[in-house]
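Input: a single structure, listed below in C-alpha cells.
The figures here come from the full heavy-atom set of this structure, side chains too, leaving out hydrogens, waters and symmetry mates.
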Amino acid sequence: MSLIFTEDQLALSRSVEAFVARRAPLHKVRELITARRIYDPDIWQGLSKELGLTGLLIPELYGGAEASRADLSVALRALGAGLVPSPLLSSGVMAAGLLLALDDDVVNKESLPWIATGALVATVAVSEGTETPWIPITPATTARPSGNGATLHGTKTAVLDGSTADLLLVQATGPGGVGIYSTHRSARGVTVDIDRGVDLTRDTATIHFDNAPATPVAGDAARALDRMVDLVNLAVAAEQVGAMRTCLDMTTVYATIRYSFGQPIGAYQGVKHKLADMYNLWALSDAALRTAATASDERLPVAAAAARARTGPSYLTVATNTVLLHGGIGFTWEHDAHLFYRNAIAGKSLLGGLDYQLDRLAGKLAIQENPS
C-alpha cells in the first residue's frame, strides 16, 4: 500500500477537519472543560451519524463502513489536532476491535450495530493498579460462574471513558482461565469513581465490581487483546501526530507576529532551532504513523508499537516547546498551549507507556535481553 493519502482519504480528512472547525473548535472544548462535561452529545452524534467515524472499523455485516486502518488514522489525525473529546477511541477502536478479534457472533450481532451508530458507547477494562502492566497476564479481577453467566469481583483502574460507557468489556480470571466478560455500567454491583487526571480532554475512571452480573464473551482473549493493542497504538499515534501539527502551526504563527527588539522572535536563532526540532519530531512521527497505518496484518504489531514509541515522547517535547516559545502567555490558563501539554503528558503513558511499547516491540522482534 502507498504511504501517500488516497483521494478518498484526503476527502475524509477535509470532512473531519471542517467538522472540527465548525462544531468542535478549541473554545468549545474549553466550554466543556469549564462545565465539567466529559463530551458533547451533539458532537458525538455528528461524529457517528454525520461522519460515520464510530463504524469505520466495523464490517458492513454489522452496519459499519469496513474501512481500512489508514482511513481510521486519517480521521483520528484531524480529531487529535483539535483535541476533540469523545469516546471514539474507547468505543469505535478498543471495544469494536476487541469484539471483532474475539468473533463471538452472538455478542457481535447484539453490540456492534449499536456501536457503529454511536447509540451504544463501549469500553475495555484491563488495568489494575499502578504497579501492574496495562494488560495483566493473570488479572486479579475474577469471574465466578453464576447460572448461565458469571459475576465479577475486583477493581479496574484507568478505564477510558469508564464513567460514560454503557457496555464494559472486562478482562477477568475465570474457571477456564483469563477471558473477556461483558457487563453494563448500570448493572448491580458496579460502582464508578471518576478519576482526576492531568488531561482535561480525557475521561478515565476506576470501576469496582462487587458480585456484578456478567456474560462471558467467547474467543481467545489473549490473542484478541493483543490485536486490540495494535489498533490502540495506531489510533493514539494518529491523534498525537495531529496534535503535534497543531502545536507546530500555532507556534510558527506566533513566532511571526510576536516582536522583540524590532523584529519577530522567529528571526532569532534560538527560536528557529526549536521550531526546526519540532518539525523534525513531527515529520519522523508522521512517517512512523504512515508506515503503521499501511502495514500488513503481520507487520502491524511491530509498526504500531514503533509508532507509539516515537510519537509519545516526541509529542511531549513539541508540546513543551509550544508552551516555552509562547513565553509568559503560554503558561496561562487563557492560552490553548497547556491543553496540548496536558494531553501530551497523559498520552505518553495512555494505554501502555514507552517502556511497555519498547518491551512489546522487542518481544515482537524476538529480541532477547543480553544476560551480561
Side-chain angles (χ1 to χ4, degrees), residues 3-6 9-29 39 43 46-47 51 53-54 56-57 67-90 92-93 160 199-202 231-253 278-294 303-304 306-323 336-348 350-351:
L3 296 177
I4 306 299
F5 292 145
T6 66
Q9 288 165 355
L10 289 173
L12 174 61
S13 178
R14 287 191 291 266
S15 295
V16 180
E17 289 170 359
F19 177 88
V20 172
R22 185 177 70 256
R23 301 275 295 278
L26 279 170
H27 70 81
K28 179 70 172 181
V29 174
Y39 66 92
I43 293 176
L47 294 176
L51 297 175
L53 301 187
T54 48
L56 273 182
L57 292 179
S68 68
R69 293 188 294 265
D71 297 331
L72 175 70
S73 74
V74 167
L76 289 176
R77 277 172 183 263
L79 294 178
L83 295 183
V84 179
S86 84
L88 180 61
L89 176 60
S90 59
V93 178
L160 193 61
D199 184 1
L200 302 178
T201 64
R202 295 277 192 199
L231 288 176
V232 168
N233 282 342
L234 175 65
V236 174
E239 289 185 341
Q240 292 178 333
V241 167
M244 289 169 67
R245 186 70 211 199
T246 298
C247 288
L248 176 61
D249 289 345
M250 75 162 67
T251 309
T252 301
V253 169
M278 291 167 67
Y279 177 83
N280 286 336
L281 289 173
W282 169 81
L284 291 170
S285 298
D286 177 68
L289 172 61
R290 288 173 186 261
T291 300
T294 57
R308 272 301 300 281
R310 163 57 66 180
T311 60
S314 296
Y315 178 26
L316 182 55
T317 299
V318 168
T320 301
N321 284 339
T322 297
V323 173
D336 294 330
H338 75 95
L339 296 177
F340 289 90
Y341 179 61
R342 288 167 175 264
N343 181 256
I345 291 174
K348 188 177 178 182
L350 178 70
L351 306 174

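A salt bridge does not link R22 to E17: none of the charged side-chain nitrogens sits closer than 4.0 Å to a carboxylate oxygen.
Taking every heavy atom of both residues into account, A78 and V20 meet most closely at O-CG2, 4.0 Å. Scanning both residues, M244 and W282, for their nearest heavy atoms gives CE-CA, 3.4 Å. Smallest separation of non-hydrogen atoms from L83 and F340: CG-CE2, 3.6 Å. Shortest non-hydrogen contact noted between A288 and R310 is CB-CG, 4.2 Å. Nearest heavy atoms, Q240 versus R308: OE1-NE, 4.3 Å. Across every non-hydrogen atom of A24 and V29, the tightest pair is O-CG2, 4.3 Å.
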Test log, rule side-chain contact (heavy atoms from CB on, under 4.5 Å), inputs V232 and V236 = CA-CA 6 Å; V232 168; V236 174; 4.1 Å; yes

ask   = Between L88 and T54, does a side-chain contact (heavy atoms from CB on, under 4.5 Å) hold up when you go through it step by step?
value = CA-CA 6 Å; L88 180 61; T54 48; 4.1 Å; yes

task = Apply the test side-chain contact (heavy atoms from CB on, under 4.5 Å) to residues L51 and S15: give CA-CA distance (whole Å), side-chain angles for both, the deciding distance (0.1 Å), then the verdict.
result = CA-CA 8 Å; L51 297 175; S15 295; 4.2 Å; yes

ask   = Yes or no on side-chain contact (heavy atoms from CB on, under 4.5 Å) for L47 and L79, after CA distance, side-chain angles and deciding distance?
value = CA-CA 10 Å; L47 294 176; L79 294 178; 3.8 Å; yes

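For the residue pair S68/D71, the side-chain donor-acceptor check at 3.5 Å is satisfied.
Side-chain contact between I43 and K28 is present, with at least one heavy-atom pair separated by less than 4.5 Å. In this structure the side chain of L316 reaches within 4.5 angstrom of the side chain of Y341, judged on heavy atoms. Side-chain contact between V16 and L12 is present, with heavy atoms from C-beta onward closer than 4.5 Å.
In this structure, the separation between CG on L89 and CG on L76 is 7.0 Å, given to the nearest 0.5 Å. Going from atom CE of M278 over to atom OG1 of T251 covers 4.0 Å, rounded to the nearest 0.5 Å. To the nearest 0.5 Å, the span separating CG on N233 from CG on L351 amounts to 8.5 Å. Atoms OH and CD, from Y315 and E239 in turn, are 9.0 Å apart once rounded to the nearest 0.5 Å. Atoms CG and OG1, from D336 and T246 in turn, are 10.0 Å apart once rounded to the nearest 0.5 Å. Summarising the geometry, atom OG belonging to S73 is positioned 11.5 Å from atom CG belonging to L231; distances are rounded to the nearest 0.5 Å.
With sequence neighbours excluded, the residues forming a salt bridge (charged side-chain N to carboxylate O under 4.0 Å, His left out) with D286 are R77, R290, listed by chain and number.
A side-chain donor-acceptor contact under 3.5 Å links Q9 to the backbone of T6. Between the side chain of T311 and the main chain of A237, no donor-acceptor pair closer than 3.5 Å is present.
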